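The figures here come from the full heavy-atom set of this structure, side chains too, leaving out hydrogens, waters and symmetry mates. Note that the coordinates shown come from a computational prediction; the quantities given were computed from them, not determined experimentally.
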Number of protein chains: 2
Amino acid sequence: MRERVTLRDVAHLAAVSAKTVSRVVNGDAHVTPGTRARVQQAIADLGFQPNLVARSLRVGRTDVVGLVVESLADPFFARLTSAVEQAAHERGLAVMVSSVGNREPEREPLIVESLLVRQVAGLIVAPMAQSHAYLAGAGRRTPIVFVDRLPEGIVSDAVLVDDLAAGDMATRHLLDHGHRRVAFLGSELRNPTTRLRLAGYRRALAACGLPEDESLVAVGAGSAREARAAAERLLDGPRPPTAIFSSNMRCSLGLVPLLHGRGRTDVAVVSFDDFPMADSLVPAVTVIDHDPEVIGRAAAERLFHRLDDLDAPAETVTVPVRLVPRGSGELPPPGAGRPRRRDQDVVLAQDGSQDRAHNGAGGRASTMTSPHAQEGAR
Amino acid sequence: MRERVTLRDVAHLAAVSAKTVSRVVNGDAHVTPGTRARVQQAIADLGFQPNLVARSLRVGRTDVVGLVVESLADPFFARLTSAVEQAAHERGLAVMVSSVGNREPEREPLIVESLLVRQVAGLIVAPMAQSHAYLAGAGRRTPIVFVDRLPEGIVSDAVLVDDLAAGDMATRHLLDHGHRRVAFLGSELRNPTTRLRLAGYRRALAACGLPEDESLVAVGAGSAREARAAAERLLDGPRPPTAIFSSNMRCSLGLVPLLHGRGRTDVAVVSFDDFPMADSLVPAVTVIDHDPEVIGRAAAERLFHRLDDLDAPAETVTVPVRLVPRGSGELPPPGAGRPRRRDQDVVLAQDGSQDRAHNGAGGRASTMTSPHAQEGAR
DNA sequence: CGATGGCTTGACATCGATGACAACGCGGTT
DNA sequence: AACCGCGTTGTCATCGATGTCAAGCCATCG
């Protein structure tokens with residue numbers, strides 16, 4: 001094992017003080033070209049690399065951001081992580097990831113703590129826990145940006161998808177194609193994301209003047225297996241739906257194979273979350289596309305702004321979703337004539353309905369921000 | 001912003017020295033129950049959390065492992081990362097991930113350096129660069145485990161999949177179902193993984209007494225789009241294949257939609273790498289399953305062993321693959337009668353052909369290890 | 001010619017924890 | 001009573017970098 005090379009070794013070889021080496025390493029201008037050259041030569045000769053741990057201790061903060069997600073095996077979070085990592089890398093920051101695990105939201109505080117004690121400069125958290133009041137103290141020291149869901153019990157920066165608009169858009173799409181019995185398939189209602197998508201579903205029904213039929217709302221399916229079972233109950237009920245809005249990927253991974261297995265590909269489907277091969281099925285699956293890359297980058301950038309200005313008010317960034325028509329969502333209900341139209345273009349949803357702010361930005365990668373007052377933080 | 005709470009603050013409140021607090025925090029036995037209780041009370045009162053950066057500086061090593069992969073957006077690496085992260089968490093280690101990017105293997109040394117200067121305790125690297133001689137110095141200080149591919153120009157711990165056996169198994173499976181014109185679709189040949197799978201393909205052909213037909217070998221497709229184009233050339237050639245071994249997921253994501261789009265689902269396909277929905281297509285896609293979780297965990301455990309014993313000889317762990325018959329790989333060639341049999345069971349490949357060691361382990365998650373002499377490291 | 005000021009450079013303390021070692025107190029031994 | 005030994009606790013230096021401040025040097029200016 002080679003010995004560790006430190007500033008002092010370089011200083012000794014270059015016959016200067018450690019401080020001068022530090023100046024050269026940090027690009028301080030107050031060093032004469034001659035000394036600078038001597039030091040750089042010594043650095044090269046010894047292969048010196050500054051010890052970032054020591055630097056972090058001294059300056060009181062690391063150049064690492066922490067990221068807490070539910071599961072890296074989930075493609076949504078994987079792509080989100082990828083985007084965060086890229087954005088961080090561009091800024092010279094490293095990323096520590098930790099996953100909480102699908103079934104154990106109660107571990108979230110522990111995971112977050114384990115990153116905080118490592119003195120991360122900031123955190124990006126996809127919240128699972130019911131309350132985030134436990135962060136009230138920590139959040140003052142370490143900036144936190146929440147993604148995907150709003151934290152409860154704390155005011156903070158956040159990046160959200162417009163779940164309400166998405167649920168509305170998906171449902172309306174099916175209604176526009178003539179369906180009148182549209183089912184909602186979703187996971188636990190204590191998940192705010194599911195709640196918002198369901199609210200969007202209801203809003204679309206209401207806008208269309210349709211009554212709600214609770215027998216068409218199947219929630220609580222936490223896994224593909226449970227979603228499959230829930231979908232079977234829907235299909236086998238007395239008045240089955242002609243169209244289904246599957247409100248997340250796990251549900252779709254239960255629903256779609258079921259429909260194919262039963263030969264029931266006549267049932268119209270819109271899925272929240274795109275998934276690989278969704279466009280190779282027959283019919284290809286119409287999806288609401290989430291764009292985790294856009295969300296991840298927006299979260300990273302929100303965090304960077306926060307690092308640059310710790311006192312600015314908290315902001316919420318809303319990322320638009322888009323509907324990608326591929327066939328399954330454009331199937332007509334049984335007995336209908338030809339579908340009224342065939343969508344070919346991507347439809348953008350962005351009505352800012354989750355938030356106070358409104359603007360007209362509609363591009364795929366565009367986002368909108370809205371300030372929050374800091375009042376009420378505790 | 002609350003002030004940072006340090007050991008000294010706790011010491012002051014508990015009326016002991018900082019050292020005693022340190023002893024309590026680290027569970028040192030040489031503290032009387034009375035003082036221990038007083039200190040713990042003070043810790044609780046102040047909400048003290050030890051600063052791991054300071055500890056790391058003092059003890060000379062962090063409790064963080066670095067992971068370098070090609071892209072987190074790739075489900076294989078995402079699941080691998082997930083497994084590494086879980087294993088690390090169980091050992092109280094954090095994980096820093098960095099991705100190199102699909103198209104720029106030359107960035108690998110920079111990425112690795114950026115983790116080394118952060119004093120990671122160890123590294124897990126999915127190599128992309130052509131040579132890893134640049135690690136010869138660093139590798140003596142920081143243990144490195146390579147995954148997925150063997151490093152070049154250095155001897156080190158590694159975790160590999162048995163690519164040769166996998167290529168052999170996939171090809172043999174198609175030959176067993178009566179095919180005589182089996183094509184190979186793969187990415188760049190400078191990728192050792194592709195080379196090994198191709199070697200397996202050739203071994204199976206040779207074992208079957210078939211001549212090689214270079215017009216059936218399509219390599220160099222780095223993206224799904226290029227793979228699609230390469231597959232089109234295969235199908236449109238003068239003597240098209242009746243079966244195709246698609247040697248990685250990107251190739252399959254080009255090939256499979258092409259076959260479906262053209263209505264050529266009569267062409268038999270075996271895909272290396274499973275992918276979501278592969279079993280919902282008609283026919284479902286027969287795959288060689290990689291099991292990134294097993295690979296990731298094996299890599300993490302190899303690294304942990306290394307951390308516990310820095311002087312042990314380097315070892316290579318080989319992870320078995322399995323063939324999952326689902327339909328597309330069992331299609332008969334045109335003109336054949338009924339297929340001879342329908343495989344229902346999972347087939348395990350583990351002949352250790354990449355390595356000197358042999359054993360009979362065959363369970364899904366089993367691995368085999370073989371020691372390497374350290375000779376030849378430079 | 002001496003004072004002033006700007007620039008380069010270095011000495012020293014410091015970030016927060018822990019290792020080495022010493023001091024201390026207490027009980028048991030001879 | 002003096003001594004020894006053991007277990008508890010504290011002092012001090014240290015990990016490797018950087019912030020503070022001042023010394024040293026040279027040039028310019030009154």
Discussion item. What's the angle between the local helix axes at either end of the helix from C:dC1-D:dG30 to C:dT30-D:dA1, using five pairs per end and rounding to 10 degrees?
Written reply: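 Axis-to-axis angle, ends of the helix: 70°.
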
Is the distance from OP1 or OP2 of [N] to the nearest side-chain N or O of [X] less than 4.0 Å?
{"X": "A:Ser17", "N": "C:dG10", "result": "yes"}
{"X": "A:Thr20", "N": "C:dG10", "result": "yes"}
{"X": "A:Thr6", "N": "D:dC15", "result": "no"}

Side chain [X], main chain [Y], donor-acceptor under 3.5 Å:
{"X": "A:Arg306", "Y": "A:Asp309", "value": "yes"}
{"X": "B:Arg118", "Y": "B:Ser114", "value": "yes"}
{"X": "A:Asp74", "Y": "A:Phe76", "value": "yes"}
{"X": "B:Arg38", "Y": "B:Ala14", "value": "yes"}
{"X": "B:Arg4", "Y": "A:Gly60", "value": "yes"}
{"X": "A:Arg107", "Y": "A:Val100", "value": "yes"}
{"X": "A:Asp63", "Y": "A:Leu93", "value": "no"}

Can you tell me the distance, in whole Å, between the [atom1] atom of [X] and the [atom2] atom of [N]?
{"X": "A:Arg55", "N": "D:dC15", "atom1": "CZ", "atom2": "P", "value": "19 Å"}
{"X": "A:Lys19", "N": "D:dG16", "atom1": "NZ", "atom2": "P", "value": "17 Å"}
{"X": "B:His12", "N": "D:dG10", "atom1": "NE2", "atom2": "C1'", "value": "15 Å"}
{"X": "B:Arg61", "N": "D:dG16", "atom1": "CZ", "atom2": "P", "value": "14 Å"}
{"X": "A:Arg8", "N": "D:dA17", "atom1": "CZ", "atom2": "C1'", "value": "9 Å"}
{"X": "A:Arg38", "N": "C:dT8", "atom1": "CZ", "atom2": "P", "value": "14 Å"}
{"X": "B:Asn51", "N": "D:dC15", "atom1": "CG", "atom2": "C1'", "value": "13 Å"}
{"X": "B:Leu52", "N": "C:dG16", "atom1": "CG", "atom2": "C1'", "value": "11 Å"}

Discussion item. The side chain of B:Thr35 is closest to which nucleotide in this list: D:dT9, D:dC15, D:dA17?
Written reply: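 Per side-chain heavy atoms of B:Thr35, the pick is D:dT9.
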
Worksheet item: Of all the nucleotides listed (C:dA17, D:dG16, D:dG10), which has the minimum atom distance to the side chain of B:Leu7?
Response: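 Among C:dA17, D:dG16, D:dG10, the one nearest the side chain of B:Leu7 is C:dA17.
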
Worksheet item: Any side-chain donor-acceptor pair under 3.5 Å between B:Glu108 and B:Tyr134?
Response: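 B:Glu108 vs B:Tyr134: donor-acceptor pair found between side chains.
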
Fill in: Contact list for DNA chain C against residues 21-33 of chain B - heavy-atom distance below 4.0 Å
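Under 4.0 Å from DNA chain C: B:Ser22, B:Asn26.
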
Worksheet item: Are A:Glu301 and A:Arg297 close enough for a salt bridge, meaning some N to O gap below 4.0 Å?
Response: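 Yes.
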
Worksheet item: Is any N or O donor-acceptor pair between the side chain of A:Arg58 and the base of C:dT14 shorter than 3.5 Å?
Response: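 Under the 3.5 Å cut-off, the side chain and the base do form a donor-acceptor pair.
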
